[in-house]
Number of protein chains: 2
Amino acid sequence: MSARQVTLAEVAKQAGVSLATASRVLNGSTRQVSGDLSDRVLRTAEELGYVPNASAQALARNSSSLVGLVVHDITDPYFSCIAAGVTRVAEEAGLVVVLGTTGRRPEREAELLSTLRAHRARAVVLAGSRTTDRAAQARLAAEIDAFTEQGGRVACVSQAKLGTDTVVPGNRAGGRALARALAELGHKRFAVLGGPPELVVARDRLAGFKAGLADAGIAPPVVIGGAFTRDGGYEAALELLAAKTRATCVFAVTDVMAMGAMAALRERGVRVPEDMAIAGFDDIPTLRDTVPALSTVRLPLEEMGEIAAGLVLDTGRDEARTVRVAGEVVLRASTGQN
Amino acid sequence: MSARQVTLAEVAKQAGVSLATASRVLNGSTRQVSGDLSDRVLRTAEELGYVPNASAQALARNSSSLVGLVVHDITDPYFSCIAAGVTRVAEEAGLVVVLGTTGRRPEREAELLSTLRAHRARAVVLAGSRTTDRAAQARLAAEIDAFTEQGGRVACVSQAKLGTDTVVPGNRAGGRALARALAELGHKRFAVLGGPPELVVARDRLAGFKAGLADAGIAPPVVIGGAFTRDGGYEAALELLAAKTRATCVFAVTDVMAMGAMAALRERGVRVPEDMAIAGFDDIPTLRDTVPALSTVRLPLEEMGEIAAGLVLDTGRDEARTVRVAGEVVLRASTGQN
DNA sequence: GCGTGGCGGGAAAGCGCTTTCCAGCGCTCC
DNA sequence: GGAGCGCTGGAAAGCGCTTTCCCGCCACGC
């Protein structure tokens, strides 16, 4: 089988030109090639079905056309939206995105970065959330350094790391605005499903929310931890109900968690929003269509992916930049009065 | 900046061995190396922070560690679930997955395959649905041939292509079983939101559904086309309502479409399931938690991704294999009586 | 007329790795 | 005791491409 792949050398020979000329014609260069030869090369390349060997190009140029994308779980709409943004931009730039998933294990992030470095990826977007796990962070920082020293760029979504481009959503501000909006709806007693305490994103949203409550002169919420997933929200909501707090409104730091929480409430016969109002964060598309529609803080997820990819592919500037994107409170049926 | 990357040659020199020996130690080979030298190489590699250059390896070995994955839209839960399965298997095998998105343009599939070929990807999973567009199919078939001739393997999810491994969900059988189950619930008049007529997946599900209705001695359904997306389902549902059929139960050929349809029904004040029952296909995770929960045909999406990746990475067998996975009817609240 | 410079073309030196081939060495086996 | 073998280590030839360097050619200016 395996018809040997057509090489540049074959094209060159067939077209009766040198390797150098063929390369210049087919893969761009500053040098000019006469129209005559150029045509001939183009034609034979076409005829032979020549496709350049990307590995060889990468080796010779010492830079590949790969862009890395690291997420925790591609199944999570938060990440898949960001992924959509990143891939769109990358593909427009003629690059190819390699997808790495961590399964929420922080140490995988560094491993993946190392792999990406081996592949000489020219850039990486890190969409996973930052943890406070010291060892993992140190290892990650070292990998990031190694990666950038090798000439690659790194952008983080929602986790400011020194020396990298960053897209920072207004987690704190969003949480705060949401708290105020909910307070205005008349709620007095709040609970928060706070996710894992070591996740910075979760902490920021929680901190913002608390600040917002304080602004409104409302007592601090009951906070219940849990995993950053639908099931985490489900469990946390059950725990909340078991705790018999008098909260009338619960804030899940993530839409996905809110989804699980709503399922738990429903199972327990707690009506939303009559018995318990609920709000999330992110505004993932699927939850706009649910009943009741979820109140949340909207983040332009796809756009954030696009921005991150844009930052990381913009070879012009060299210093790290930070782009802030604001969250927008969106009140829907899940908090009533709407 | 850019501290030059550590090369094998540097490691070898530092460790006082030849390039060949260093390569054998670090990157596996059939050949043995004495424990003494081996240790020395391993140690210096560690010290220097050596990471093999994947492009160079790919070039020298004429085979890379890339696995392609082509989907229409990574944001669609159907695809993101499959993607999760594929990446899991690939990462376990020490491979890296390259994600390509077509944006539902059939011609992109061939383009991406060509790119993947340039990168010498060792395998590709095509998760996009097959269309009946002749030109696109021909181009795609040619690219698949080129890819396999070059030594790569191709697997398709849910679209049987000659000469490739395939994971085939029971679209027809699932549609049929669903129709029968719905008939048993007492429905007599059905509508189908059939998606784009040129998509084979959509056609199969529809055909199966019709067959199931026929089995139950029920008149053929009203069929309304539309896009294979949430918005497509939304529009199609509006059209259905405008058509003033007397259908009491509507089958959306995709859960995602069903989601849009439910939103449309809700907006128009049509209660589900009291006024109109609805069922989907795929069983995407998010819709298990909605109100009402969606009746559907469950497909093991992640598993399908895993199977596809498994097929394509199993270098043992050479002929194309087909794995069928059955859909399982799951009746939930959206069809009432439950 | 000849030096100059610009320009298009080709030869060849890598890029970092794998792998073949060969050399040397210590064994076993007659 | 020597032929033959198996085993380990190293030299070197690629893998397919980019890019530097050089060469020959032509147009130009003095």
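The chains referred to below are lettered A, B, ... by the order of the sequence lines, with proteins before strands, and numbering in each begins at 1. Just so it is clear, the model here is predicted, and its values are computed rather than measured.
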Salt bridge (Lys or Arg N to Asp or Glu O under 4.0 Å), that's the test. Do A/Glu46 and A/Arg43 meet it? Break it down for me. CA-CA 5 Å; A/Glu46 173 73 39; A/Arg43 199 154 2 95; over 6 Å; no
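Note on A/Gln57: a side-chain N or O is less than 4.0 Å away from OP1 or OP2 of D/dT18. For the pair B/Asn27 and C/dC17, the criterion of a side-chain N or O lying under 4.0 Å from OP1 or OP2 is not met. OP1 or OP2 of C/dG16 has not a single side-chain nitrogen or oxygen of B/Thr7 nearer than 4.0 Å. For D/dG9, neither phosphate oxygen OP1 nor OP2 lies less than 4.0 angstrom from any side-chain nitrogen or oxygen of B/Thr21. Phosphate contact (OP1/OP2 of C/dG16, side-chain N/O of B/Gln5, threshold under 4.0 Å): absent.
Of the options A/Phe228, A/Tyr78, A/Phe79, a ring-ring contact (aromatic ring centres under 6.0 Å, His included) to A/His72 is made by A/Phe79 and by none of the others. Across A/Val96, A/Val98, A/Leu313, a single residue satisfies side chain to side chain contact (heavy atoms under 4.5 Å, CB included) together with A/Val67, and that is A/Leu313.
Between the CD atom of B/Glu10 and the P atom of C/dC15 there is a distance of 11 Å, given to the nearest Å. Distance A/Asn62 CG to C/dC15 C1': 7 Å, rounded to the nearest Å. The distance from atom CD of B/Gln14 to atom C1' of C/dG16 is 18 Å, rounded to the nearest whole Å. Summarising the geometry, the separation between CG on B/Leu19 and C1' on D/dC15 is reported as 14 Å, rounded to the nearest angstrom. Rounding to whole angstrom units, NZ of residue B/Lys13 and P of D/dA11 are separated by 14 Å. We find that CZ of A/Arg117 is positioned 14 Å from P of C/dG16, with the value rounded to whole Å. For the pair B/Asp39 CG and D/dG9 C1', the interatomic distance rounds to 16 Å; values are reported in whole Å. Spacing between atom CG of B/Leu8 and atom C1' of C/dT19 amounts to 13 Å, rounded to whole angstrom units.
Atom CD of B/Glu303 is separated from atom CZ of B/Arg88 by 10.5 Å, given to the nearest 0.5 angstrom. With rounding to the nearest 0.5 Å, the separation of CG in A/Leu126 from SG in A/Cys156 is 5.0 Å. Atom NZ of A/Lys13 sits about 12.5 Å away from atom CG of A/Leu19, to the nearest 0.5 Å. Atom CZ of residue B/Arg40 and atom CD of residue B/Gln14 lie 11.0 Å apart, to the nearest 0.5 angstrom. Rounding to the nearest 0.5 Å gives a distance of 11.5 Å between CG of B/Leu37 and CG of B/Leu42.
Checking B/Ala20 against B/Leu59, the closest nucleotide of DNA chain C that is more toward the 5' end is the one next to B/Leu59. Residue order along DNA chain C, read from the 5' end via each residue's closest nucleotide, puts A/Gly16 first among B/Ala9 and A/Gly16.
Residues B/Tyr50 and B/Val6 approach most closely at CD1-O, 3.6 Å, considering heavy atoms.
With distances taken from any side-chain atom of B/Val17 to the nucleotides D/dT19, D/dG16, D/dG10, the minimum falls on D/dG10.
Among the protein residues, B/Ser34 comes within range of the sugar-phosphate backbone only, with heavy atoms under 4.0 Å from sugar or phosphate atoms but none that close to a base.
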Spell out protein contact along nucleotides 21-26 of chain C as letters: B when the base is contacted, S when just the sugar-phosphate is, - when no protein heavy atom is under 4.0 Å; keep the 5' to 3' order. B-----
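Non-hydrogen atoms lying under 4.0 Å from DNA chain C are contributed by B/Tyr50, B/Pro52, B/Asn53, all within residues 40-53 of chain B.
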